[in-house]
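Notes for the one structure printed next.
Counting begins at 1 with the first residue of the sequence.
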Amino acid sequence: MFEKSKFVLCVDDDEDDREMVVSAIKKANPLLEVAHAMDGQEAIRILDKAKNIENLPCLIILDMNMPRMNGRETLAVIKKDEQLSKLPVVVFSTYQSSHDTIYCSQYGVELLTKPNSLTKINEEINRLLSVCDDE
């Protein structure tokens with residue numbers, strides 16, 4: 001865990017997608033650390049540890065379709081937790097269904113289709129990381 005360092009939590013079961021996001025984060029801001037989770041259960045464990053040391057991520061990038069605990073379930077847990085509910089979350093998904101769009105909008109969370117080019121990923125990550133600069 002990152003003792004008092006600014007970090008982003010990337011939750012995605014696809015290793016290639018995680019690596020692209022991490023690469024884009026490091027390119028945009030080399031000082032940011034990145035924590036990885038393969039699914040929602042692992043993400044919640046990381047967030048619980050972060051709460052205990054009072055060092056929450058500046059941004060959570062969450063995949064929708066994952067094993068064990070998917071993005072919908074993970075988002076619901078995050079938004080029901082008083083300490084976590086105000087954290088900026090963006091959902092990155094391979095495709096957008098109308099159900100996912102409605103679900104995310106209920107929580108005030110942006111839903112993005114994963115960009116299909118490295119340039120677009122870098123642009124989106126750069127835009128999203130602006131929330132980390134505000135702290």
Side-chain angles (χ1 to χ4, degrees):
M1 185 52 60
F2 309 109
E3 297 286 330
K4 300 297 181 187
S5 63
K6 196 179 281 193
F7 76 100
V8 174
L9 176 57
C10 180
V11 188
D12 196 322
D13 62 319
D14 185 294
E15 186 175 345
D16 291 336
D17 287 350
R18 273 196 326 272
E19 286 183 20
M20 281 192 295
V21 169
V22 170
S23 175
I25 290 169
K26 289 298 188 182
K27 183 176 183 178
N29 185 343
L31 300 177
L32 277 176
E33 299 289 338
V34 183
H36 308 221
M38 296 282 293
D39 58 49
Q41 288 180 358
E42 189 177 352
I44 298 304
R45 280 195 301 275
I46 290 169
L47 290 168
D48 284 342
K49 288 178 184 176
K51 286 190 311 189
N52 288 337
I53 63 169
E54 298 178 358
N55 187 37
L56 295 172
C58 58
L59 175 66
I60 300 171
I61 300 173
L62 179 63
D63 185 28
M64 191 58 80
N65 300 306
M66 299 177 292
R68 295 196 311 165
M69 182 185 238
N70 66 35
R72 289 169 213 76
E73 296 164 324
T74 307
L75 183 57
V77 171
I78 290 168
K79 292 301 182 178
K80 286 179 185 169
D81 184 298
E82 190 175 326
Q83 284 180 274
L84 303 177
S85 65
K86 301 290 189 242
L87 289 176
V89 178
V90 64
V91 173
F92 255 30
S93 191
T94 305
Y95 59 90
Q96 287 188 24
S97 75
S98 58
H99 296 300
D100 290 343
T101 302
I102 292 167
Y103 189 85
C104 288
S105 69
Q106 290 174 339
Y107 290 107
V109 170
E110 185 176 4
L111 173 63
L112 298 171
T113 301
K114 290 178 183 174
N116 56 4
S117 78
L118 196 52
T119 301
K120 291 286 186 194
I121 288 174
N122 289 336
E123 289 172 5
E124 283 297 332
I125 293 297
N126 213 9
R127 180 182 67 82
L128 296 171
L129 289 179
S130 66
V131 299
C132 294
D133 297 335
D134 295 341
E135 297 179 347

Worked verdict on Leu128 versus Leu112 for side-chain contact (heavy atoms from CB on, under 4.5 Å): CA-CA 11 Å; Leu128 296 171; Leu112 298 171; 4.0 Å; yes

Knowing that exactly one of Asp14, Asp16, Asp12 qualifies, which makes a salt bridge (Lys or Arg N to Asp or Glu O under 4.0 Å) with Lys114? Asp12

Once side-chain hydrogen bond (donor to acceptor under 3.5 Å, both in side chains) is applied, do any residues pair with Asp13, and if so which ones, sequence neighbours excluded? none

CG of Asn122 to CD1 of Ile125: how many Å apart, nearest 0.5 Å? 8.0 Å

What do the steps show when you test Phe92 against Asp63 for side-chain contact (heavy atoms from CB on, under 4.5 Å), and what is the final call? CA-CA 5 Å; Phe92 255 30; Asp63 185 28; 5.6 Å; no

Return yes when atom NZ of Lys26 has more than 12 non-hydrogen atoms of other residues, nucleotides or ligands closer than 6.0 Å, and no otherwise. yes

Side-chain (Ser23) to main-chain (Met20) donor-acceptor, under 3.5 angstrom: no

Given Thr74, which partner from the list Leu62, Asp39, Val89 fulfils the side chain to side chain contact (heavy atoms under 4.5 Å, CB included) test? Leu62

For Lys51, enumerate each residue passing the salt bridge (Lys or Arg N to Asp or Glu O under 4.0 Å) test, keeping only those at least two apart in sequence or located in another chain. Asp48, Asp81

To the nearest 0.5 angstrom, please state how far the NE2 atom of His99 sits from the CD1 atom of Ile102. 7.0 Å

Closest approach of Lys79 and Val109, non-hydrogen atoms and distance? CE-CG2, 3.8 Å

Looking only at heavy atoms, the pair that brings Arg68 and Glu73 closest together is O-OE1, 4.0 Å

Derivation and outcome, side-chain contact (heavy atoms from CB on, under 4.5 Å), residues Asn65 and Asn70: CA-CA 5 Å; Asn65 300 306; Asn70 66 35; 5.8 Å; no

Closest heavy-atom pair, Leu75 versus Tyr103, reported as atoms and distance to 0.1 Å, is CD2-CE2, 4.1 Å

Donor-acceptor contact below 3.5 Å, side chain Lys6 vs main chain Cys132: yes

Atom pair NZ/CD1 of Lys86 and Ile78 - distance to nearest 0.5 Å: 14.0 Å

Between Asp17 and Glu15, is there a side-chain heavy-atom distance shorter than 4.5 Å? no

side-chain hydrogen bond (donor to acceptor under 3.5 Å, both in side chains) filter on Glu124, not counting sequence neighbours, yields Arg127

Grab the two heavy atoms, one from Asp100 and one from Met64, that are nearest each other, plus how far apart they are. OD2-CG, 3.6 Å

Can you find a pair of side-chain heavy atoms, one from Leu47 and one from Pro57, that are under 4.5 Å apart? yes

Ser93 side chain reached by Leu111 side chain, heavy atoms, under 4.5 Å: yes

So SG of Cys10 and CD1 of Ile60: to nearest 0.5 Å the spacing works out to 11.0 Å

Out of curiosity, Met38 CE to Met66 CE, how far, rounded to the nearest 0.5 Å? 10.0 Å

Nearest 0.5 Å, what's the CD1-CG distance between Ile53 and Leu56? 9.0 Å

Side chains of Ile46 and Leu9, heavy atoms from C-beta outward: is any pair under 4.5 Å? yes

Indicate the atoms forming the closest heavy-atom contact of Cys58 with Val8, along with that distance. SG-CG2, 4.0 Å

Heavy-atom pair of closest approach, residues Ala43 and Ala37: N-CB, 3.6 Å

